[in-house]
Amino acid sequence: MAVPTKPKSSPKDFIFKSQIWKSIFRHGKPNTHRNRTLVMLSNVFLHLHPIKVRKSGVALSYTWCMGGATFFLFLVEVITGILLMFYYRPTPQYAYTDIMQLREDVSFGVMRELHRWGAHAMVIAVWLHMYRVFLTGSYKPPREFNWNVGVILLVLTLLLSFTGYLLPWDQLAIWAVTVGSNMARAHPVIGHEGPGSPLVTFVVTILIAVHFWRVRKDGGISGPL
Ligand code: HEM
C-alpha cells in the first residue's frame, strides 16, 4: 500500500503561511469583498479611509476635487501664515515696512506671495466647490446638514480673507476696507473688539473636521442617481 506523502510546501507558502506573516496580516488576498474590507480596517495607514468609495467620488469630472483643493489651500495658508508671523508685526507702526521687508529682504520672502495667492485661490476654490455641490444636487437629503456646515465655512473663509486684506497696511488696504473693517469690528462676537476674533481659524479647523465626518456619515461622496 502506498504511503501518503505530505504535499510539498513552496517557498511562497513558507512566507505567506508562516505564523509571523499571519500575525501581521490577518486577511487573505484582497480578491473578495470581505478581504478588501479587512485590508482597509486592519492597516494603520488605510483605516481612516472609507472602506468603499463610489467611482464618481474619485472622478475628477464629478467632484472637480474642489473640496480637496480648498482643504489643501487652507493648510498652505495655516503653514505659511505661521511662518510669516515670525517676521510680520500687525501694528500700524510696523505692518507696512514689515511687508516691504518680507518682499525685498527676508530669505523665503516668497512665503508672503504663497500666502497671498493661496488666499485668493482658496476663495475661488471654495466657490467652485459650492457650485459643484449645487450642480450635482448634493445638498439634498441626507446631505442638507453638511451643506449648512459648508455655508458657515464659506462665510468664515471670506472673513479670513477679508482680515488678510488689511494686513499690508498700504493705501489700498486702509481706504478700501475702512468702512468694512468698522462694520466687522463692531460685530459683538467675532469683531475686532469681541472675544471671538482670534478663534476664527480654530472654528474653521473644527468645522472642516465636522464637514469631513459628515461626508462619511452621509454615505460618502454623493453619486449620480
Ligand atoms: C473651507 C471650506 C470647505 C472645505 C475645505 C470643504 C471640503 C470638502 C471636501 C474635501 C468634500 C468631499 C467631496 C469633494 O471634494 O467635493 C466636501 C463635500 C461636501 N461639501 Fe464641502 N468644503 C468646504 C466648503 C463647503 C461649502 C461652502 C459648501 C456648500 C455651501 C459645502 C458643501 C459640501 C457638501 C454638501 C458636500 C458633500 C458632497 C457630496 O457628497 O457630493 N462645502 N467638502
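Just so we're clear, the structure is a prediction, and the values are computed from it rather than from any experiment. Atoms within a ligand are numbered from 1 in the order they appear, just like the ligands themselves.
- Using a 4.0 Å cutoff on heavy atoms, W147 counts as a contact of ligand 1.
- In the candidate list A125, G137, G67, G57, G67 is nearest to atom 10 (C) of ligand 1, counting heavy atoms.
- Taking atom 23 (C) of ligand 1 as the reference point, the nearest protein heavy-atom neighbour is H129 CD2, 3.5 Å.
- D218 has no carboxylate O lying under 4.0 Å from a charged side-chain N of R143, or vice versa, which leaves the two without a salt bridge.
- Between M122, H211, M130, it is H211 that holds the heavy atom closest to atom 42 (N) of ligand 1.
- Here the protein heavy atom with the shortest distance to atom 14 (C) of ligand 1 is R132 NH2, 3.7 Å.
- Annotation: R116, atom CZ; neighbour count of heavy atoms from other residues, nucleotides and ligands within 6.0 Å does not exceed 12.
- If you check each of G219, G150, S222 against atom 27 (C) of ligand 1, the one with the closest non-hydrogen atom is G150.
- When non-hydrogen atoms are compared, ligand 1 lies under 4.0 Å from neither the backbone nor the side chain of V204.
- By the rule that hydrophobic residues join a cluster once side-chain heavy atoms approach within less than 4.5 Å of another member, L159 and V123 end up as members of separate clusters.
- Rounding to the nearest 0.5 Å places CG of L84 at 9.0 Å from CD of E77.
- M130 contributes atom CE, which lies 4.0 Å from atom CH2 of W147 (distance to the nearest 0.5 angstrom).
- For H47 (side chain) and V44 (main-chain N/O), a donor-acceptor pair under 3.5 Å exists by modelled atom type.
- The shortest heavy-atom distance from G68 to ligand 1 is under 4.0 Å.
- For ligand 1, the atoms closer than 4.0 angstrom to any heavy atom of T63 are 16 (O).
- Considering backbone and side-chain N/O atoms, R143 comes within less than 3.5 Å of an N/O atom of ligand 1.
- Rounding to the nearest 0.5 Å places CG of D98 at 11.0 Å from CG of D105.
- For atom 5 (C) of ligand 1, the nearest non-hydrogen atom of the protein is F71 N, 3.7 Å.
- F212 counts as a contact of ligand 1, since one of its heavy atoms falls under 4.0 Å from the ligand.
- Close to ligand 1: V151, with a non-hydrogen atom less than 4.0 angstrom away.
- Of all atoms in ligand 1, numbered sequentially from 1 with element shown, those under 4.0 Å from a heavy atom of V133 are 33 (C), 34 (C), 35 (C).
- For ligand 1 and S138, the ligand atoms under 4.0 Å from any heavy atom of the residue are 35 (C), 38 (C), 39 (C), 41 (O).
- Close approach of ligand 1 to V215 is summarised as follows: ligand atoms under 4.0 Å from at least one heavy atom of the residue are 18 (C).
- A donor-acceptor pair is defined here as one N or O able to donate and one able to accept, closer than 3.5 Å; no such pair exists between the side chain of N35 and the backbone of H27.
- The closest donor-acceptor contact from the side chain of T157 to the backbone of L153 lies under 3.5 Å.
- Taking every non-hydrogen atom of L154 and a distance limit under 4.0 Å, the qualifying atoms of ligand 1 come out as 27 (C).
- Residue-environment remark: CZ (F134) stays at or below the threshold of 12 foreign heavy atoms within 6.0 Å.
- Counting heavy atoms under 4.0 Å from ligand 1, residue I221 touches it through both backbone and side chain.
- Applying the side chain to side chain contact (heavy atoms under 4.5 Å, CB included) test between I99 and each of Y94, Y88, W169 identifies Y88 as the sole match.
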